[in-house]
Structure formats: C-alpha cells, structure tokens
Colleague: 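Okay, here's the structure, questions in a sec.
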Amino acid sequence: MSAQGRVTLGVLLDSLGAEAVTALCLPSGRQAMVGAPVIHGCDEPMTAFAGALLLVTGRPEASLPASAAEAGASAVVVRAGLGDAAALTEAARDAGVALLAAAPGLSWGQLYALVDALLALVAPASDPGGAVDLFTLANQVATRVGGAVAIEDLAMRVLAYSTIGGQPIDELRREGILGRRVPEHPTHAEEYAAVLRCEEAVWSHEPREFLPRLAIAVRARGEALGTIWAIQGDEPLASDAAAVLAEAARSAAPHLARLSLAADEARRTRNEWLGRLLRGTGHVDELAASLGLHPDEPVRVVAAGETGGRADVFAATHAADLLRTAYAAYRIGAAVGVVDGRTYAVVAAGAGTPLLRRVTADTLGRIAERLGGHWRAGVGRAVPSVAQVPAGARQADEALRALCGPLRGPCAAGEVGLHEELAAALFLMDAAASMRSGGALTGEPLSLVAEHDAGHGTDYVHSLRVWLAAHYDVPRAAETLSLHPNTLRYRLRRIGELIPLDDPDVRLVLGLQLRLAEIQASGASGGRIPASGASGGQARASGAGGGQVRASGAGGGQVRASGTNGGG
C-alpha cells in the first residue's frame with residue numbers, strides 16, 4: 001500500500017474522500033504511487049518533481065500535464081472548476097500523468113496538510129505490524145458501526161478518518177478534518193476527560209449543537225494514547241458498536257504508540273538542536289545540516305507566542321507543528337521548534353518577506369481558532385548566515401515583545417511584526433523603563449504642570465497632550481478640545497509661565513513623558529510577553545548591529561527636562 005513515503009492513488013483517494021479530492025484521469029490506474037505534495041503556481045517554472053503530487057494553484061493551461069510529466073510528477077491536482085477540464089483530462093491521458101481535482105472549499109495549505117499527514121500515517125508494507133493502516137481501520141470501523149469515525153491523538157489532532165459514503169458528519173468533524181485538529185470548544189475538556197477515565201466506550205452528547213458520538217480511549221499498557229469517535233446520524237449505531245470500538249482501540253494502539261514515540265523523539269531532538277542554534281552554543285555547520293538549513297544562507301528568526309505571555313509547552317508545540325506544515329506547504333525553508341516554551345522558526349530569507357508574513361499570519365489565525373487566545377509573531381532582521389542566528393533570535397524576541405505591548409505602531413492591525421518596523425516602539429519601551437527607574441517619567445517638567453492642575457482645578461496636562469498630538473497646531477487642537485483657539489492660546493501662555501514651552505527640548509521631553517504615561521496607564525503588562533526568550537539575554541531595543549538604544553543625554557546621564565531657570 002505504501003513504500004518510501006509514498007501511497008497509491010487508490011489509498012489517497014479513499015483516505016481523503018471526495019470532500020477533499022476526486023479523480024479526473026488515472027492513466028496508470030489506482031495502483032500508481034504518489035509521493036510528497038508540492039504546491040506549484042501556474043506561472044512558476046517547472047523543476048524536478050520526482051514522484052511528487054503537484055498541487056497547482058491558479059488557472060491551469062492544457063500544456064500543464066505534459067510539463068508536469070516531463071518534470072517527473074506522478075500526479076497533478078488542480079482546482080475543480082478552473083480551466084478547461086476536458087482539455088486538461090485529455091492532455092493528462094496523453095502525458096500518462098494522473099489528474100485530480102481539489103474541492104472548491106479546500107485551501108491548498110489544507111490539502112497539503114491532509115496529504116502530508118496521510119503519508120506519515122499509512123504504515124509501510126514492509127512493517128509486519130502495519131497490515132492495516134489507521135485510515136483503513138477507520139473505514140472498517142465505520143462500516144461495522146454505521147457511523148463516521150475519527151481517530152485522534154491526545155492533543156486532539158485528527159490522525160485518520162473514515163470516508164464511507166452516505167454517513168453524515170457535522171461541522172465539528174468537518175473542521176477537524178480540514179484543520180487536522182478538533183476545533184476548540186468549552187465542553188471539550190470534560191468530554192475528553194470522561195472518555196479517558198473509562199475503560200469502555202462512552203457516549204458524548206456535548207456540544208449539544210452537534211451530533212452525538214460514541215467514543216473510546218486507545219491504550220497501551222494502561223497508558224492513554226488517543227481516542228476513537230463514531231458519529232451517530234439519523235439512524236442508531238450498530239448494537240455491538242461499543243464492542244467494535246473496543247476491538248478497534250486494541251488494533252490502533254500499536255500505531256498510536258509508534259507514532260507517539262516517533263513524534264516525541266523527533267520533536268525533542270529538533271527542539272534541542274534549534275535551542276543550541278538560537279543560543280549559539282553548538283557547531284553551526286552541523287546544526288544547520290541537521291535542521292535542513294544551509295550554513296551560508298541569509299535567514300530570519302520568527303518568534304511566536306500568545307499575548308498573555310504563558311509558557312505553555314503544549315500550545316507552543318501545536319503552534320510549531322502548524323507553522324512547520326505551513327512553511328513546507330509553500331516551500332519556505334525553515335527549522336521550526338519549541339525552545340523555553342516559545343515557538344521559534346529559523347527561516348530562509350530567500351522566501352520573501354510578504355510571503356513569510358502572509359503564511360505566518362494565516363497560521364497564527366488557525367492556532368488562535370484551535371487553542372484560543374491572541375497569537376502574534378515577531379520577525380528578526382535578515383542576518384547574513386546561520387552563524388548570526390542568536391542576534392536574529394534576540395531581535396525576534398524584541399519584536400514579539402513590542403508587538404504584544406501598547407506600542408505596535410504600523411503593525412497595530414496585524415499579527416506579525418518585523419523588527420525594523422517596530423524600532424520606534426522598542427525605543428519608547430526602553431525609554432519608559434529607563435525613566436521609570438530614575439523617576440524621570442513623573443518628574444519635571446510634566447510634574448510642574450500636573451501639580452498646578454491638582455492645586456488649581458485646571459486641566460493643563462490634557463490640553464498639552466492634545467496640542468502636542470496636533471503637532472502644535474492650535475486651531476486643530478482647539479477643535480479636538482471643543483475650545484475657541486484663543487482660549488487654548490491663553491492656556492498655553494499660562495502653561496508657559498510654569499515651564500519654558502518655547503524650548504524645543506522641553507517640548508520633546510513633555511511629549512515623551514505624556515506618551516509613556518499613557519502606556520503605563522494602559523496597563524502595558526496586560527499583554528506582556530516575557531522579555532527574555534531562547535537567546536537568554538534581556539530583550540533590548542537594538543538595531544541590526546545589536547547595539548543598545550538608551551534614553552540618555554549627550555553626557556550619558558539620565559534624560560531630564562530643565563528649562564532655562566534650571567527647571568525649579
């Protein structure tokens with residue numbers, strides 16, 4: 001059924017089901033072998049695709065099958081409804097390459113993930129314990145119990161699912177298949193806990209808006225490895241459904257144990273290598289080769305995390321898995337893993353910043369849908385080689401810290417921020433920390449105006465804030481304050497009696513004090529990401545050269561705002 005990371009077209013079609021992909025032309029029949037999926041744009045040049053399953057984006061031309069066959073692809077997938085289906089089918093038959101159609105509602109990234117998971121899960125024919133793979137098992141159980149079946153691991157990732165025609169499924173099951181993980185729902189924790197507590201199959205009727213399910217835990221030597229779920233549609237499940245699920249759980253246990261051990265070991269090793277690379281503690285060439293990177297290629301580091309700053313290893317691991325699959329789907333070379341509870345990726349800079357930003361943002365959206373919370377990613381500047389990854393990691397940490405704070409600047413509407421875009425936010429955050437430690441944030445000259453407000457019932461601080469925000473444009477500021485311009489001019493003259501408003505340095509420091517006071521009042525720690533990440537050092541507002549940016553005067557001392565009379 002499978003060999004060397006390949007499956008037959010028959011297994012692929014039967015396992016994914018007609019909701020994902022259908023056959024238009026199979027010149028070599030269902031026994032033809034297909035390998036790893038590759039997303040390929042219609043306008044891109046063909047390269048070597050030995051045995052690949054080519055997922056072609058855009059509107060294909062009739063010459064596509066011949067070009068794909070010449071490049072060595074074993075099958076081509078096009079979007080259903082795009083292009084001339086009859087001409088494409090005839091061309092595929094002449095070229096001897098299989099032609100498949102992807103369902104209109106399925107994204108290329110989702111289809112890539114489905115095929116990638118199938119290749120990982122279908123047991124090699126040489127494996128004596130793999131006579132029945134998980135997809136085949138799911139179909140066998142679905143046939144016997146009379147309801148659609150899904151097999152999941154403990155992280156609620158969908159490992160395999162049945163594709164028996166006529167068996168109803170609901171939106172929960174559909175989203176689980178497409179996203180490779182059951183969508184988040186408030187009732188899931190207790191429902192899954194109830195299944196894992198029992199030795200036998202139990203009914204689950206939550207969430208109430210979806211179809212009821214009969215579920216059983218998969219165990220090996222008493223340890224839970226996953227679950228099997230059967231959906232009950234309009235007709236009741238078979239009377240012996242519980243016994244069938246128990247038998248299926250015993251059959252699935254060796255598969256899940258093997259997958260769990262292999263996945264955990266692979267993740268552990270990859271995370272260890274990545275951590276050493278990020279910290280600069282290993283042999284660069286060896287680590288780069290182990291992680292699939294070229295030591296001399298320019299790279300960027302991506303740091304992703306939840307805005308609450310939790311070091312949740314489970315969530316970070318799931319995020320890393322999704323990012324790894326997404327980058328691979330778009331042929332973005334990357335090493336992805338979890339270090340110190342945070343998700344990191346070292347990405348080949350040649351992928352292009354717009355594509356990297358889009359794919360990362362889309363994946364963060366999927367992570368948030370499944371795990372909840374607000375996820376963002378900071379991206380370090382491009383460094384010339386893998387040896388400079390520690391500097392890139394520090395910058396990625398800094399960008400993430402700024403992006404999760406109140407000073408997101410041009411990235412305020414997005415989930416992904418580049419270090420170079422966040423320079424102003426990083427400077428202000430360091431300035432705020434420096435001024436808080438020295439008392440300058442609440443000191444002169446702003447304190448003189450605030451003291452006057454407190455003693456005389458005036459509102460000069462607010463007037464100053466609006467005037468400075470309007471770039472000293474009195475009419476515009478007066479309109480914002482709902483005042484006559486002359487009234488604002490009078491207030492500014494009175495403020496000028498307290499502090500020298502004509503001094504440009506005083507105006508600069510007033511602007512800093514007012515802006516940083518707003519940050520402090522907004523509860524900047526509410527969306528905090530810990531300042532230190534895998535790089536081990538303090539997150540600092542540094543440029544590409546890594547130098548620290550400090551709010552200091554020419555003499556290196558603390559910034560103070562003093563007027564011509566000494567500020568007293």
Side-chain angles (χ1 to χ4, degrees), residues 107 109-110 112-113 116-117 120 152-159 175-176 178-185 188-189 260 263-264 266-275 277-278 291 300-330 332-347 351 355-380 392-393 396-397 399-401 403-404 411 414-418 527-530 533-535:
S107 75
Q110 288 171 326
Y112 180 101
D116 190 55
E152 304 172 11
D153 65 10
L154 290 179
M156 293 192 288
R157 285 185 288 263
V158 178
L159 301 177
E175 290 184 19
L178 297 182
R180 304 304 300 169
R181 188 177 191 275
V182 178
E184 190 70 14
H185 193 280
H188 281 345
S260 178
D264 288 348
R267 288 192 188 98
R268 186 194 64 76
T269 303
R270 184 171 52 246
N271 293 345
E272 181 181 336
W273 289 339
L274 185 61
L277 187 65
L278 294 175
L291 292 167
R300 283 183 181 265
V301 179
V302 178
E306 193 178 353
T307 55
R310 296 181 301 139
D312 186 332
V313 176
F314 165 74
T317 299
H318 183 58
D321 289 345
L322 288 179
L323 274 176
R324 186 180 304 108
T325 300
Y327 290 156
Y330 288 90
I332 299 174
V336 189
V338 177
V339 180
D340 295 338
R342 182 178 296 174
T343 304
Y344 286 94
V346 179
V347 182
L355 177 63
L356 174 63
R357 186 198 291 271
R358 177 172 62 83
V359 173
T360 304
D362 289 347
T363 307
L364 291 178
R366 292 171 56 201
I367 295 168
E369 288 175 5
R370 287 158 179 74
L371 301 180
H374 301 281
W375 287 75
R376 294 194 172 94
V379 183
D397 285 335
L400 180 59
R401 178 171 62 102
L403 195 59
C404 293
C411 298
E415 307 298 329
V416 179
L418 307 182
R528 181 168 51 87
I529 284 286
S535 55

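We use all heavy atoms of the structure for the numbers below, so side chains are in, but hydrogens, waters and symmetry mates are not. Being a predicted model, the structure only gives us computed values, none of them experimental.
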Colleague: In Å, rounded to the nearest 0.5 Å, how long is the span from CG of Leu274 to OG1 of Thr269?
Modeller: 12.5 Å
Colleague: To the nearest 0.5 Å, how far apart are CG in Asp362 and CD in Glu415?
Modeller: 11.0 Å
Colleague: Can you see which heavy atom on Ala396 is nearest to which on Val301, and at what distance?
Modeller: CB-O, 3.3 Å
Colleague: Can you confirm whether Val339 sits close enough to Glu272 that some side-chain heavy atom of one is under 4.5 Å from a side-chain heavy atom of the other?
Modeller: no
Colleague: Measure the spacing between CG of Leu159 and CD of Glu152 and express it to the nearest 0.5 Å.
Modeller: 8.0 Å
Colleague: Looking at Arg324 and Val336, would you say the former's side chain and the latter's main chain have a donor-acceptor pair under 3.5 Å?
Modeller: yes
Colleague: Got a second to check how far Arg342's CZ is from Leu400's CG, nearest 0.5 Å?
Modeller: 5.0 Å
Colleague: Nearest heavy-atom pair of Arg300 and Val379: which atoms, and what distance?
Modeller: CD-CG1, 3.7 Å
Colleague: Leu356 versus Tyr327: any side-chain heavy-atom pair under 4.5 Å?
Modeller: yes
Colleague: Take Leu278 and Val346 through the test side chain to side chain contact (heavy atoms under 4.5 Å, CB included) and record every step on the way to the result.
Modeller: CA-CA 9 Å; Leu278 294 175; Val346 179; 4.1 Å; yes
Colleague: Hey, could you give me the CG/OG1 distance between Leu323 and Thr360, rounded to the nearest 0.5 Å?
Modeller: 6.0 Å
Colleague: Is the closest side-chain heavy-atom distance between Tyr344 and Leu277 below 4.5 Å?
Modeller: no
Colleague: For the pair Asn271 (side chain) and Val338 (backbone), establish whether a donor and an acceptor sit closer than 3.5 Å, ignoring hydrogens and angles.
Modeller: yes
Colleague: Got Arg358 and Val416 here, is their nearest side-chain heavy-atom distance under 4.5 Å?
Modeller: no
Colleague: Find the distance between OG1 (Thr343) and CH2 (Trp375) and round it off to the nearest 0.5 Å.
Modeller: 5.5 Å
Colleague: Determine the minimum heavy-atom distance between Gly417 and Ala399, stating which atoms define it.
Modeller: O-CB, 3.9 Å
